[in-house]
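One structure is given below, represented as structure tokens, and several questions about it will come after.
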Amino acid sequence: MTKSSEQTAPAKSSPDPGAEPAGEAGRMTRRGWTLVVSGSLFLVFVVLGLVVPVPFVAISPGPTYDTLGRDAAGNPVIQVTGHETQQTTGELRMTTVSLHDGVTLFQGLGFWASGRYALAPREEYFRPGETNEQVKQENIQQLQDSQTNAQVAALRKLGYPIKVLAKQIVSGSPADHVLSPGDKLITVNGKKIVEAADVRNALAGTLPGQTVQITFQSDGQPERTVPLTLASRPDRKEGFIGLTAVDRADAPFTVNISLQDVGGPSAGLMFTLAIIDRLQPGDLAGGRHIAGTGEITETGEVDPIGGISFKVVGAREAGATDFLVPEHNCAEAKTNAPEGLNLIKVSTLDDALAQLANLKAGRPTASC
């Protein structure tokens, strides 16, 4: 019997799980594509986060300046020509807020994480299409106006007479080509002009088309009285004369304020106090380190300002122990005041002078 033998076929080798199928050796796997795409997107995100600005600005405490001291060039901040000045002690320090524009995503995150900065929508500080340079110029103009108001408020308080000048003349108005900026206003419609508000008050009850008399004086010229036929304006019932009036101190000396790289109106109160301290014996600060803020009007009202929560921090870091706060800013200031800073509530120049006298005498002050 022939015994059949079974022939064994060669065994097939099992495929390598990591090997690419034949014909796909040059192709990238799905995992590879995922890594490439993810890496590219991450790189784009990093570049955008580093380069592209977000629509926010960062706000932080800014530098402070002693209005009784000197500016960066070594000149006195308050410069008086033609009048004796008084020796002072201590500080009357104005405060500022720093605004950082062009913030990128990563910078914004860093600012926010630091706890020293706050982020705010850019539109709250910049109008659509407005540039940094335009904002800078506006802030410079506001600073100049606050310095002028400070001089008027201080000299009015010290008893110097006030004159009312034409500041702007509206083109095509009754006053155009008759008065010029800088002319001194004496009477309007038979009423004496003592302060700027008197001009509008003198026209109360008049009607467009009515003729009124205005007496004024150009620089170095005798007084003139001329008739003006009032025009109409949609925002008022009374006649329209076409000029903006401002108060100016009529003193036989000049006061200039020298301070660079600062803008905005909020230093007005501290400028006013420093002018008074330079011109009147009494030493308002009395050796103390006093800071403050507040926009001042020509008649001595102290108006609220922005950024008070940062200004109190900047003041304390500069060594201030007392801070003059506009009344309407008290709630916010109290919430953010650093330890060791005495907040003093003021609403007028008279308030501020009274509270400084209290500090000097060791009496309690009006707290926020």
Side-chain angles (χ1 to χ4, degrees), residues 65-69 76-94 142-165 167 184 192-198 245-259 265-286 288 290-305 322-329 344-361 363 365-366:
Y65 303 90
D66 179 17
T67 56
L68 296 176
V77 173
I78 305 299
Q79 302 174 4
V80 180
T81 304
H83 191 286
E84 181 185 1
T85 56
Q86 306 295 320
Q87 292 296 318
T88 61
T89 62
E91 296 180 350
L92 293 173
R93 189 168 287 275
M94 57 163 285
Q142 289 176 342
L143 176 66
Q144 292 172 348
D145 290 343
S146 76
Q147 292 174 347
T148 300
N149 288 353
Q151 294 175 33
V152 173
L155 296 182
R156 190 197 299 268
K157 179 63 182 176
L158 294 175
Y160 291 94
I162 299 299
K163 57 187 176 182
V164 181
L165 305 181
K167 182 180 181 181
K184 179 181 179 181
K192 187 176 181 180
I193 303 303
V194 178
E195 58 183 46
D198 292 339
V246 293
D247 293 338
R248 292 292 182 265
D250 195 5
F253 56 88
T254 59
V255 177
N256 292 308
I257 299 175
S258 175
L259 200 61
S266 64
L269 172 61
M270 304 312 289
F271 285 146
T272 304
L273 294 172
I275 293 170
I276 292 174
D277 211 12
R278 285 296 188 197
L279 293 174
Q280 177 179 267
D283 192 15
L284 295 181
R288 299 179 70 93
I290 301 167
T293 188
E295 185 174 354
I296 194 117
T297 69
E298 294 168 335
T299 53
E301 285 78 28
V302 179
D303 291 336
I305 48 78
D322 304 278
F323 194 101
L324 301 176
V325 183
E327 181 177 6
H328 294 292
N329 289 124
I344 303 173
K345 178 176 64 176
V346 298
S347 58
T348 66
L349 174 59
D350 286 344
D351 280 348
L353 292 170
Q355 297 309 315
L356 291 180
N358 287 341
L359 273 179
K360 191 173 179 181
R363 296 188 295 263
T365 54

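No experiment lies behind these values; they were computed from the predicted model shown.
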Looking at every non-hydrogen atom in both residues, tell me the closest pair between Ala251 and Tyr160 and how far apart they are.
CB-CD2, 4.0 Å

Separation between CG of Asp247 and NZ of Lys163, rounded to the nearest 0.5 Å
11.5 Å

Check: Thr293 and Pro326 side chains under 4.5 Å, non-hydrogen atoms
yes

Sole candidate of Thr148, Ile78, Thr67 that passes side chain to side chain contact (heavy atoms under 4.5 Å, CB included) when paired with Ile257
Ile78

What is the distance from atom CG of Asp351 to atom CD of Glu301, rounded to the nearest 0.5 Å?
10.5 Å

Between CD1 of Ile305 and CD1 of Ile296, what distance do you get to the nearest 0.5 Å?
13.0 Å

Please evaluate residues Met94 and Leu259 with respect to the criterion side chain to side chain contact (heavy atoms under 4.5 Å, CB included), reporting the C-alpha separation (whole Å), side-chain torsions for both, the decisive distance (0.1 Å), and the verdict.
CA-CA 11 Å; Met94 57 163 285; Leu259 200 61; 3.3 Å; yes

List the atom pairs, with distances to 0.1 Å, where a side-chain N or O of residues 268-286 and a protein N or O form a donor-acceptor pair under 3.5 Å, not counting sequence neighbours.
unit_1: Thr272; atom_1: OG1; unit_2: Gly268; atom_2: O; d: 2.8
unit_1: Asp277; atom_1: OD1; unit_2: Leu284; atom_2: N; d: 2.8
unit_1: Asp277; atom_1: OD2; unit_2: Leu284; atom_2: N; d: 3.4
unit_1: Arg278; atom_1: NH1; unit_2: Gln86; atom_2: O; d: 3.3
unit_1: Arg278; atom_1: NH2; unit_2: Leu68; atom_2: O; d: 2.6
unit_1: Asp283; atom_1: OD1; unit_2: Thr89; atom_2: N; d: 3.0
unit_1: Asp283; atom_1: OD1; unit_2: Thr89; atom_2: OG1; d: 3.3
unit_1: Asp283; atom_1: OD2; unit_2: Thr89; atom_2: OG1; d: 2.5

If you take all heavy atoms of Val152 and Ala249, which pair is closest and at what distance?
CG2-N, 3.9 Å

Return the minimal non-hydrogen interatomic distance between Gln142 and Pro265, and the atom names on each side.
OE1-CD, 3.5 Å

Out of curiosity, Thr254 OG1 to His83 NE2, how far, rounded to the nearest 0.5 Å?
11.5 Å

Give, for atom NZ of Lys360 and atom CZ of Arg288, the distance between the pair rounded to the nearest 0.5 Å.
12.0 Å

Provide the closest heavy-atom pair for Ala196 versus Ala245 in the form atom of the first, atom of the second, distance.
CB-O, 3.6 Å

Return the minimal non-hydrogen interatomic distance between Ala366 and Gln355, and the atom names on each side.
N-OE1, 2.9 Å

Side chains of Lys157 and Asp350: does their closest heavy-atom pair fall under 4.5 Å?
yes

I want to check something: taking the side chain as every heavy atom from C-beta on, are Ile162 and Glu195 in contact at a cut-off of under 4.5 Å?
no

With distance as the sole test, does Gln151 use its side chain to make a donor-acceptor pair with the main-chain N or O of Val255 at under 3.5 Å?
yes

Interatomic distance, Asp322 atom CG to Glu91 atom CD [nearest 0.5 angstrom]:
12.0 Å

